[in-house]
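Just below is one structure, and these are the notes that go with it.
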Amino acid sequence: MTKNADKKRFHISDLETLRAIADPLRVQIMELLEGQALTVKQVAEKLGLAPSKLYYHFGALEKLGLIEVAATRMVANMLEKTYQSAADSLDVDPALFKFSKGGDNESINILLASTIDATREDLMRSLQARQFQLDHGVEEKPRRIIINRVVSNVSETRIEEFQERFVKLIQEFEEADSLSKTNDQTYALTVAFYPSFYFDKASKKGKKK
């Protein structure tokens, strides 16, 4: 039995849902199910984990409506489900990321932790999986890994130019996926581009006595 559903944009507008999808493992599951349908076992194999570690996460993502059953079949008298992403993309309500001077700003911390943790776990798994492939005779093909942090003083005019170029590059990277072939290598891109402020007594506003 195969199920066809219209893809959609998944909008996150509450903290509870944001917490639920912030787990780095769930992020990786959702990434694997973008554009392809896989069973829990197939996802587990790709992540180098036991399927038993994923069932709870699949159930949570399905309950939220982020993934859905694409097909089912009987295997050894058991029902096997194939899952796919239920949405083309995710977007988070900007109101969730409004900085609060007196609050704990949990939503901002969740976003940062989820992005950084997912990137770290994905990169470490990738290094381990690649070494496993090389150990089993796969031809070596050197590839660049770029990890860098740079802080620079830049004029507001030039910053706007940099931002535009970054946005275009990200869009180009995303659009390349639709043109890729089955055997093309998967790449991941994580970007954090923001104004870096420091506490400065001289900048405090107030009347001189």
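Small disclaimer: the values here were computed from a predicted structure and weren't measured.
- Leu127 is linked by a side chain to side chain contact (heavy atoms under 4.5 Å, CB included) to Leu123, Met124, Ile145, counting only residues two or more places apart in sequence or in another chain.
- For Met74, the CE atom counts as densely surrounded, since its 6.0 Å shell holds more than 12 non-hydrogen atoms of other residues, nucleotides or ligands.
- With side-chain heavy atoms closer than 4.5 Å counting as contact, directly or through intermediates, Tyr56 stands alone and belongs to no larger hydrophobic cluster.
- Contact record, Ala86 with Lys8: O-CG, 3.5 Å, taken as the closest heavy-atom pair.
- No more than 12 heavy-atom neighbours from other residues, nucleotides or ligands sit within 6.0 angstrom of CZ on Phe132.
- Through direct or relayed side-chain contacts under 4.5 Å between Ile, Leu, Val, Met, Phe, Trp and Tyr, Phe197 connects to no other residue.
- The ring pair (Phe, Tyr, Trp, His ring centres under 6.0 Å) search around Tyr55 returns none, not counting sequence neighbours.
- Remark: Phe10 engages no residue in a ring pair (Phe, Tyr, Trp, His ring centres under 6.0 Å) (not counting sequence neighbours).
- Every residue meeting the ring pair (Phe, Tyr, Trp, His ring centres under 6.0 Å) condition with Phe193, not counting sequence neighbours, appears here in chain and number order: Phe166.
- Looking at heavy atoms from C-beta onward, Leu47 lies in side-chain contact with Leu25 at the 4.5 angstrom threshold.
- When the side chain to side chain contact (heavy atoms under 4.5 Å, CB included) test is applied to Asp135, the partners found at least two apart in sequence or on another chain are Gln131.
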Inset, instruction - Please report the C-alpha distance between Leu15 and Ile110 in whole Å, then the side-chain angles of each, then the deciding distance to 0.1 Å, and finally whether the side chain to side chain contact (heavy atoms under 4.5 Å, CB included) criterion is met. - result: CA-CA 9 Å; Leu15 191 56; Ile110 287 174; 3.9 Å; yes
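- Not a single side chain to side chain contact (heavy atoms under 4.5 Å, CB included) links Ile116 to another residue, sequence neighbours left out.
- The CD1 atom of Ile147 sits 12.0 Å away from atom CZ of Arg120, with the distance rounded to the nearest 0.5 Å.
- Taking Glu80 as the reference, Arg73 meet the side chain to side chain donor-acceptor pair (under 3.5 Å) condition, with sequence neighbours excluded.
- Taking 4.5 Å as the limit, some side-chain heavy atom of Asp93 sits within range of a side-chain heavy atom of His11.
- Listed by first and then second residue, the salt bridge (charged side-chain N to carboxylate O under 4.0 Å, His left out) pairs involving residues 17-41 are Arg19-Glu106 (not counting sequence neighbours).
- Using a 4.5 Å cut-off on side-chain heavy atoms (C-beta onward), Leu32 and Gln28 make no contact.
- Between the Asn109 side chain and the Asp104 main chain, a donor and an acceptor come within less than 3.5 Å of each other.
- Under the 4.5 Å side-chain heavy-atom criterion for grouping Ile, Leu, Val, Met, Phe, Trp and Tyr, Val191 is not connected to Val27 through any hydrophobic cluster.
- Scored by the side chain to side chain contact (heavy atoms under 4.5 Å, CB included) test, Arg143 finds Arg130, Lys141, Gln185, Tyr187 as partners (sequence neighbours excluded).
- In this structure a side-chain-to-backbone donor-acceptor pair under 3.5 Å is missing from Asp88 to Arg9.
- For the salt bridge (charged side-chain N to carboxylate O under 4.0 Å, His left out) condition, no pair includes a residue of residues 168-179, sequence neighbours left out.
- Counting only heavy atoms from C-beta outward, the side chains of Leu90 and Leu66 approach each other to under 4.5 Å.
- Using a 4.5 Å heavy-atom cutoff, the side chains of Val92 and Leu111 are not in contact.
- Proximity of Tyr83 to Leu38: side-chain heavy atoms (C-beta onward) are nowhere separated by under 4.5 Å.
- At a threshold of 4.5 Å between non-hydrogen side-chain atoms, the residues Arg165 and Glu161 count as touching.
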